[in-house]
Amino acid sequence: MNFPKGFLWGAATSAYQVEGGIDNNDWARVQAMPKPGLACDHYHRFAEDFSIAKKLHHNAHRLSLEWSRIEPEEGRWDEAELRHYHEVLEFLKQNGMMTFVTVHHFTNPIWVARQGGWANKKTIKDFEKFVAKISQSIGYLIDFWVTINEPNIYANLGYMSGVWPPFNKNIIKAYLVYRNMLEAHDKAFEIIHNYYPKAQVGFAQNFSWRRAEEESYLEKLFIKFINWLTYDFPYRRTRNDFIGVNHYTDIHLKLSLWSKNPIAFRKHPGPASERGWAIHPHAIFQVLNKLKNLKIPIYITENGLADAKDEKRGDYIRGYLSEINRAIRDGVDVRGYMHWSLMDNFEWEDGYKWKFGLVEVDFKTQKRTIRESARVYAEICKNNAV
Ligand code: BGC
């Protein structure tokens, strides 16, 4: 099964998860969370890592910028850090890779967190200044702008379930944070287009496939509501040159109104990753099909699994890409695929527990080892076919 000509193939990472040495953001400062320390030391080893990606026939890469490095204090720009990202992006371009740059991937500088983070409208203004600075300085090296990573997950984990900084449990705040992030994306869209009229700007949304476990009227209604919040609301309020799809799994919603846990999510039955997320490739076809009527080009900005022994990753990649290919033949305009992740990395509240990498990293020696599944994926990239 061939992919359209010019299809982009690559992998994704995010700054806090791979760079190492970041200690000026909200995640680094809260006691309750594990710390990445040196992580993959990607800050110093990016050339080695991207050379591996190139060898594996990737023609694109998605990375994120660490706001706390670039603007450690409000209004103070660290030119050395901008030069660093300049070097990183230039290396990718010189090696013939397209750049996907995420401007915000979950972490905030301390000063942003202190002013109330994304619950404070001022943060939108600060983000706009950050985006303008990036546009002026390194923007010409950015092919695809992913303004914000997963506003839906960020609002949910930080402000609903409250398991991520700033550990709030306030449904109204969660809604406001989601809305503020979408507004910030839309403002960023305009700023970037003022600098680069032909820029490609979008944001990455998490699209798990969701279904009603018992198909009761209430469950179906609830799914309709969450789907509206995920698929409709954000794209009605914002402008987008593309939709960034982060997709991992398929979940069932179970409502039991009179129990202690009235709203529960369960995994789709069948095979699962080490993290317990269902492996069900058809789910991505369903997500893509649902997005089809928005008539906006789609890039898969994340898809992958935790699999330390690399037993399932090869088949996972083949399976998901076959379904993506089927969606394309069905008329969905998918133009690229970034696997999560290029290498094992720091997995947020779970530290180094999960191994998502095409490339294995030994965190003691920093040695990189290419996994077998990375070679399966490399063949697909090389042939532009699965
Ligand atoms: C996030 C990544 C994370 C991945 C796996 C995604 O929602 O964007 O940062 O590593 O999930 O948990």
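No hydrogens, no waters, no symmetry mates; every other heavy atom, side chains included, goes into these values.
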Salt bridge (Lys or Arg N to Asp or Glu O under 4.0 Å) against Glu219, all qualifying residues, sequence neighbours excluded: none
Qualifying salt bridge (Lys or Arg N to Asp or Glu O under 4.0 Å) pairs with a residue from residues 24-43, counting only residues at least two apart or across chains: Asp41-Arg45
Phe363: partners by ring pair (Phe, Tyr, Trp, His ring centres under 6.0 Å), with sequence neighbours left out: Tyr352
Partners meeting ring pair (Phe, Tyr, Trp, His ring centres under 6.0 Å) with Trp228 (sequence neighbours left out): Phe233
Qualifying residues under salt bridge (Lys or Arg N to Asp or Glu O under 4.0 Å), relative to Arg179, sequence neighbours excluded: none
His86 and Tyr140 aromatic ring geometry - parallel, tilted or perpendicular at 30°/60° bounds: tilted
Within-4.5 Å side-chain heavy-atom neighbours: Met1 and Leu321: no
Residues in side-chain hydrogen bond (donor to acceptor under 3.5 Å, both in side chains) contact with Asn120, at least two apart in sequence or another chain: none
Sidechain N-carboxylate O distance under 4.0 Å for Glu213, Arg266: yes
Check: Gln17 side chain, Phe346 main-chain N or O, donor-acceptor pair, under 3.5 Å: yes
Mutual orientation of the aromatic rings belonging to Trp118 and Phe127 [parallel < 30°, tilted 30-60°, perpendicular > 60°]: perpendicular
Result of checking Val332, Ile324, Asp333 against Ile298 for side chain to side chain contact (heavy atoms under 4.5 Å, CB included): Val332
Parallel, tilted or perpendicular: rings of Phe91 and Phe46 (30°, 60°): perpendicular
Partner residues of Arg211 under the salt bridge (Lys or Arg N to Asp or Glu O under 4.0 Å) criterion, sequence neighbours left out: Asp250
Arg69/Asp78 ion pair, N-O < 4.0 Å: no
Between Ser216 and Glu214: side-chain donor-acceptor atoms closer than 3.5 Å: no
Within-4.5 Å side-chain heavy-atom neighbours: Tyr16 and Asn25: yes
Leu218 atom CG, over 12 foreign heavy atoms within 6.0 Å: yes
Residues Lys187, Glu183: salt bridge by 4.0 Å N-O rule: yes
Side chains of Leu89 and Leu63 in contact at under 4.5 Å (non-hydrogen atoms): yes
Ionic contact status for Lys312 with Asp315, cut-off 4.0 Å: no
Ionic contact status for Arg371 with Asp344, cut-off 4.0 Å: yes
Sidechain N-carboxylate O distance under 4.0 Å for Asp126, Lys122: yes
Electrostatic pair Glu323:Arg318 at N-O distance under 4.0 angstrom: no
Charged N-O contact under 4.0 Å between Asp307 and Lys309: no
By ring pair (Phe, Tyr, Trp, His ring centres under 6.0 Å) - contacts of Phe285 (at least two apart): His282
Which residues share a salt bridge (Lys or Arg N to Asp or Glu O under 4.0 Å) with Arg375, sequence neighbours left out: none
Geometric class of the Phe144/Phe242 ring pair [parallel <30°, tilted 30-60°, perpendicular >60°]: perpendicular
For residues 2-10, which side-chain N or O atoms pair as donor and acceptor with protein atoms under 3.5 Å away, sequence neighbours left out?
{"unit_1": "Trp9", "atom_1": "NE1", "unit_2": "Asn384", "atom_2": "OD1", "d": "2.8"}

NZ/NE/NH1/NH2 to OD/OE distance under 4.0 Å, Lys125 and Glu128: yes
Trp111: partners by ring pair (Phe, Tyr, Trp, His ring centres under 6.0 Å), with sequence neighbours left out: Trp67
Salt bridge present between Glu190 and Arg239 (N-O < 4.0 angstrom): yes
Test: Asp350 and Arg275 ion pair at under 4.0 Å: yes
Beyond-backbone contact of Ser135 with Trp145, side-chain heavy atoms, under 4.5 angstrom: yes
Glu302 with Arg62: basic N within carboxylate O range, under 4.0 Å: yes
Salt bridge (Lys or Arg N to Asp or Glu O under 4.0 Å): pairs with one or both residues in residues 136-162, sequence neighbours excluded: Lys93-Asp143
